[in-house]
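I have placed the structure first, in the form of structure tokens, so that the comments after it can refer back to it.
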Amino acid sequence: MSKIKKLQKLLESKEITCAELTERYLQNIERQNKTINAYIKVTAEEALETAKKVDEKIAAGEKLMPLEGIPMSLKDNISTKGIETTCCSKMLQGYCPIYDASVWESLKNQNSVLLGKTNMDEFAMGSSCETSIFGVTLNPRNTDYVAGGSSGGAAASVAGDMAVFGIGSDTGGSIRQPASFCGLVGFKPTYGTVSRYGLIAYASSLDQIGPITGSVEDAAIIYDCLSSYDPKDSTSVGSKTGTRDKIKDSIKGMKIGIIQEFFDGINKDVKSSLEEAIRVYQDAGTQIVPFEMPKLNAVLPVYFIISCAEASSNLGRYDGIRYGYTSDAYKDINEMICKNRSEGFGKEVQRRILLGTYALSSGKYDAYYKKAQSLRYSIIRDFKKIFENCDLILTPSVPVTAYKKGQALVDPIEIYMMDICTVPANIAGLPAVSVPCGFDENNLPIGMQLIGNNFEDYKVLNAAYQFEKLTGESFLRPEVEI
Ligand code: GLN
């Protein structure tokens, strides 16, 4: 059931004021954030000011816009004018953007109540929030485990009832993986349908903004509000709205593709939950169609070469001169830039910048970057072919469940490999959602991923919504009384 709709009903019927609702969320943050570390900055004053405006509108009998009065969080790589935006890096500590990201502008125009900025891996590079200078974000389901990453703070803010929804970014799975680890819905829309203007770039050809929510319907409501053409983003294409109306359509006769390679070597509990999910879809009258994707083993090398190459270029702007971290002592400009960058960026970010610079360097460009680009296009072609014969592809969201605290730091390469299921949708710009579909032996959530063809975001959310209904919402977190 849509929490957004439910709360708006309470607001409009005056059972609760927006100020009271906001206070309750702020109290939850106060109580839990010390342990969970979902927020790195709480914007209580701004939140209460917005709530006051909403209450005035309600008192005047005005109708609320779809996200009006709803308390929410923003990942700390989304620019917020006048509010510190750090990407959880020493490089940007103290940096206050002078403009708003387009997504935040839309939300602000709707009077969504911003509760604060959420924790993330430094510059969105990571899978556990452990590369953040603010430290790890724990999983509200079980605090021995991480919330995931890089949008771990966004997911934990929702899972810990510290926000109704969180806005995150996804370059290789950063919305879907933490949603999967926290038992939530995480939606990465088709590339270009939600503006990236004001999103601090990691890898521009892969980055996409999207919501983390407690239900599919909420994700559809948010997507309808955020997806529109934005002239400020040169890759913006906009989209048709009305997704929310289409999610309730029947899925009978829908063709769901299964690619065996996605299931090889995955955790046994993840596997059995996914098999059960496939049965649920079969019983609902969908047709399950098997496919092969031999190039799946090229997906991670392609992702890491392209994302690191783009990161090396995007992060080239941080010289610490006009803004950002400046070292205390240096003898000349070269040493200054060198020290600013080596002291301002953490280890993981430096590793990726170096790797990307290497892949783009003359002599290595053909062997790495060009090869990765050509493989990228053949993967895109493979997807196109598959989508000629099916509507959606069903995979695990992640081959495993949440990592234990500290685990991702021990063997980063092993953790990179766990992005295998999420990365393909970024490489091909496809819409993909993670929906909760079970629990492992430790009672940690398991996520199922549905990938759709370009601009068929509504189909992805339609099948996800029907799964939620068919399983009696049994994998969603219990509703907390407001
Ligand atoms: N975990 C992936 C990585 O480390 C994805 C990150 C992302 O989507 N921002 O690159």
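For ligands, and for the atoms within them, numbers begin at 1 and follow the listed sequence.
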**Request:** Output the list of atoms in ligand 1 that are nearer than 4.0 Å to some heavy atom of T171, sorted by atom number.
**Result:** 7 (C), 8 (O), 9 (N)
**Asked** Using 4.0 Å as the upper bound for N to carboxylate O, is an ion pair formed by K3 and D161?
**Response** yes
**Salt bridge present between R244 and D224 (N-O < 4.0 angstrom)** = no
**Item:** Under 4.0 Å to a heavy atom of S174 - the qualifying atoms of ligand 1, by number
**Value:** 5 (C), 6 (C), 7 (C), 8 (O), 9 (N)
**Request:** Check the angle between the aromatic planes of Y197 and Y99 and answer parallel, tilted or perpendicular using the 30° and 60° thresholds.
**Result:** tilted
**Message:** Only heavy atoms of G172, strictly under 4.0 Å: list the atoms of ligand 1 that pass.
**Reply:** 5 (C), 7 (C), 8 (O)
**Criterion ring pair (Phe, Tyr, Trp, His ring centres under 6.0 Å) against F187, the qualifying member of Y458, Y465, Y223, F165** = Y223
**Prompt:** Quick one: does G149 get an N or O within less than 3.5 Å of an N or O on ligand 1?
**Reply:** no
**Option of least heavy-atom distance to atom 4 (O) of ligand 1 (set: R352, R176, M120, Q208)** = R352
**Asked** Is the shortest distance from a heavy atom of Y303 to ligand 1 less than 4.0 Å?
**Response** yes
**Message:** Looking at S180 and R176, would you say the former's side chain and the latter's main chain have a donor-acceptor pair under 3.5 Å?
**Reply:** no
**Fill in**
One finds that the ligand 1 atoms under 4.0 Å from a non-hydrogen atom of A124 are 6 (C), 7 (C), 9 (N)
**Complete:** Among non-hydrogen protein atoms, atom 2 (C) of ligand 1 lies closest to D419 OD2, 3.0 Å
**Under-4.0 Å salt bridge between E388 and K385** = no
**Prompt:** What do you reckon, does S127 have a nitrogen or oxygen under 3.5 Å from a nitrogen or oxygen of ligand 1?
**Reply:** yes
**Item:** salt_bridge(D76, K41) N-O dist < 4.0 Å
**Value:** no
